[in-house]
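The block underneath contains the structure these notes are about, expressed in structure tokens.
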Amino acid sequence: MAERSTAAVGVANEGGDKQLAAQAESATADEATDRSEEQDAPQQTPPEETAPTNSEPPELHSGHKLAGRYRLEECLTRADGFSSWRAVDEKLRRAVGIHTLPADHSRARSVLAAARSAALLGDPRFVQVLDAVEENDLVYVIHEWLPDARELTTLIAADPLEPHEAHQMVNQISQAMAAAHREGLAHLRLGPDAVLRTEAGQYRIRGLAVAAALRGISSERPQREDTEAIGALLYASLTQRWPYPKDEHGLTGLPKDVGLVAPDQVRAGVHRGLSEVAMRALVNDGATASREPEPCTTPEELAKAVAAIPKIRPPEPTMTSFSRTTYQQGSYRQNSGGPTSPGVTTVLPSPPPPALPGRTGKALKWSVSALLIVALGLGSWQLAETLMDREHQAKSGGTSTSHNTGGEGGSDNGGANQGTLKPLPVQGAAEYAPYGGAQHPNDVDATYDSKTSTYWRTNSFADGPEFAPSVKKGVGIAYDLGAARKLGQASIEFYYGGDHTTVTLYAADSLASTAEPGQLKKLATVTTDGKAAKLTLKAPVETRYVVVWLTALPYSETDGYSGAGHKQAITNVRFEGQ
């Protein structure tokens with residue numbers, strides 16, 4: 001919210017609300033579009049491409065720093081007088097994206113206005129514009145960078161999306177663009193490279209208004225163009241083909257002489273409802289096939305059409321089936337004839353073992369029965385003891401702990417050898433993301449402000465409670481104790497309860513450590529199904545930087561912060577030591 005407010009202030013300083021409204025219109029190429037139902041009436045618009053006026057790209061290079069904090073890392077695009085970069089915000093220690101162009105560029109004003117209008121939208125379904133600045137004869141736009149997200153281009157390169165995933169994509173994208181057009185914002189360059197899928201399964205759109213402004217693109221019918229672009233995304237996701245004769249986005253186009261063929265006629269197994277929706281979005285000029293309903297001409301209409309599709313179930317997880325075989329000497333014999341092909345080995349069932357003689361068999365049965373009774377008694381006693389321990393823990397601290405084990409120098413003996421412990425104030429914190437994919441790095445300070453109403457939260461993940469190693473190995477925060485301290489224990493309060501949260505403490509060598517957890521010194525681990533956890537070391541360990549690393553998250557339903565899934569939030573962290 002802080003960055004979004006900065007962008008809003010930039011607009012206010014240039015002339016207030018009235019000028020903001022004017023800038024928003026010029027930023028989205030909707031200035032030629034009447035917001036009434038007569039939006040399709042032809043109106044005068046600027047040429048689709050406006051040539052730059054005596055502007056050369058600024059002399060920028062990797063390592064160059066903007067505003068004293070944004071260090072340019074890699075140039076991604078250089079065209080039409082502007083350049084796009086992956087950069088690092090050294091103040092907040094996070095990756096960002098940056099578009100730059102000279103301040104005297106013919107499109108500099110419209111890019112600034114588009115960026116500030118997009119920033120004011122504040123819809124999390126779009127990659128957020130963080131700032132838009134004119135400084136030292138340079139205009140630059142700062143936007144979010146999502147290192148854990150993948151472009152739709154990459155997702156469909158190997159295989160088409162299965163029906164449930166394709167439905168999720170078109171549903172989220174159409175609803176997001178409908179919301180943008182209600183605010184007068186258009187995209188006009190909505191290709192597969194502009195759609196990102198996060199690890200949590202959420203689709204995000206980048207370049208709203210800004211991508212078109214950078215290239216001087218406008219339209220008399222922005223809603224239709226964005227609707228048709230969404231239809232092309234769905235078509236490509238279902239078929240791995242681009243629905244036009246020209247090859248684009250790494251996809252092969254349709255043959256020139258066949259026209260627009262429905263997705264379910266291009267590839268077998270395509271969902272009929274999704275195929276119809278794609279055709280309704282793509283054909284908007286009276287060429288819709290007779291079997292299709294009325295065409296969709298706006299993202300709002302398309303979103304309603306997608307919502308009307310009967311629920312598509314996600315695919316069942318594939319389970320490897322194993323057949324039972326008996327491996328005993330003499331069980332495998334070569335087939336000598338019959339319907340089985342020569343050389344095929346047949347597995348013959350083993351004969352059942354002979355029954356034990358009378359008295360011996362009875363004695364053995366009684367012995368086994370006695371052992372079972374003893375085992376059941378011991379199990380019941382251990383279960384009762386465990387339940388009593390949990391009840392005692394709940395009454396004493398509200399923490400339901402499955403286990404609390406130490407690492408190097410730590411254990412679960414309650415810290416008998418630690419002596420008197422005192423609070424160790426936290427002097428700073430940063431998100432610890434050695435594998436990339438930061439969660440909410442701007443909120444880490446809320447975990448040590450002693451307020452239960454503030455917190456840092458993770459994204460919502462489909463798999464759990466344990467993280468799927470192929471998707472995410474863990475999430476966490478690194479804390480700075482200000483100086484080397486002898487850490488004895490840590491107390492952590494969570495926002496969500498449930499089965500279950502696993503947290504591990506590590507000692508790190510810096511606040512911005514990128515070393516993997518396995519390279520750090522492990523201090524203690526605890527698993528809890530409550531909303532609090534306490535990690536106690538066997539003996540104090542001297543360290544300045546402490547990492548709190550989560551490797552399992554409980555499941556929670558949809559709330560005001562994220563969708564249903566495995567997620568957690570840390571409200572308070574307290575360290576104690578000597």
So, for [X] and [Y], which heavy atoms are closest and what is the spacing to 0.1 Å?
X	Y	answer
Leu185	Ala209	CD2-CB, 4.4 Å
Arg204	Gln128	NH2-N, 4.3 Å
Ala532	Phe494	N-CD1, 4.1 Å
Asp499	Pro465	O-CG, 3.3 Å
Ala478	Tyr432	N-CB, 4.0 Å
Ala508	Val547	CB-CG2, 3.9 Å

With a 4.5 Å cut-off on side-chain heavy atoms, are [Y] and [X] touching?
X	Y	answer
Ile173	Leu190	yes
Lys534	Gln489	yes
Trp549	Pro434	yes
Leu92	Arg69	yes
Lys567	Arg457	no
Tyr435	Lys472	no
Asp449	Asn572	yes
Arg94	Glu144	no

Would you say [Y] and [X] are linked by a side-chain donor-acceptor pair, where the criterion is simply a distance under 3.5 Å?
X	Y	value
His500	Glu466	yes
Gln427	Tyr448	no
Thr100	Ser83	yes

Check whether [X] reaches the backbone of [Y] with its side chain - one donor and one acceptor, N or O, closer than 3.5 Å.
X	Y	answer
Thr571	Glu493	yes
Ser460	Ala564	yes
Ser513	Ser510	no

Check Glu516 with Lys473, please: is the shortest side-chain N to carboxylate O separation under 4.0 Å?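 The answer is no: the pair does not qualify as a salt bridge.
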Side chain to side chain contact (heavy atoms under 4.5 Å, CB included) assessment of Val546 paired with Val426: CA-CA 10 Å; Val546 184; Val426 176; over 6 Å; no
State which residues pass salt bridge (charged side-chain N to carboxylate O under 4.0 Å, His left out) with Lys65; sequence neighbours excluded, sorted by chain then number.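 Glu90.
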Tell me, please, which residues at least two apart from Glu431 pass salt bridge (charged side-chain N to carboxylate O under 4.0 Å, His left out). none
Thr458: which residues meet the side-chain hydrogen bond (donor to acceptor under 3.5 Å, both in side chains) condition with it, sequence neighbours left out? none
Any chance you could measure [X], atom [atom1], to [Y], atom [atom2], to the nearest 0.5 Å?
X	Y	atom1	atom2	value
Glu542	Gln578	CD	CD	10.5 Å
Asp123	Glu183	CG	CD	9.5 Å
Arg215	Arg189	CZ	CZ	4.0 Å
Leu66	Asp89	CG	CG	11.0 Å
Leu505	Lys522	CG	NZ	10.5 Å
Trp85	Glu73	CH2	CD	10.0 Å

Step by step, work out the side chain to side chain contact (heavy atoms under 4.5 Å, CB included) result for His440 and Asn459. CA-CA 8 Å; His440 295 88; Asn459 293 332; 3.4 Å; yes
His61 and His64 aromatic centres sub-6.0 Å: yes
Please enumerate all residues that pass side-chain contact (heavy atoms from CB on, under 4.5 Å) together with Thr154, with sequence neighbours excluded.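 Residues passing side-chain contact (heavy atoms from CB on, under 4.5 Å) with Thr154: Arg150, Glu151.
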Does anything in residues 168-178 pair up under salt bridge (charged side-chain N to carboxylate O under 4.0 Å, His left out), and if so which pairs, sequence neighbours excluded?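 Passing the test, one end in residues 168-178: no pairs.
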Quick note, salt bridge (charged side-chain N to carboxylate O under 4.0 Å, His left out) partners involving residues 477-491, not counting sequence neighbours, are Asp480-Arg544
Test Gln172 against Arg125 for side chain to side chain contact (heavy atoms under 4.5 Å, CB included), laying out the working first. CA-CA 8 Å; Gln172 294 181 36; Arg125 293 171 292 192; 5.7 Å; no
Where do Leu214 and Asp80 land on the side chain to side chain contact (heavy atoms under 4.5 Å, CB included) test, with the steps shown first? CA-CA 8 Å; Leu214 284 168; Asp80 295 338; over 6 Å; no
Measure up the Tyr455 and Tyr495 rings against each other and bin them: parallel (under 30°), tilted (30 to 60°), perpendicular (over 60°).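 Rings of Tyr455 and Tyr495: tilted, as their planes differ by 30° to 60°.
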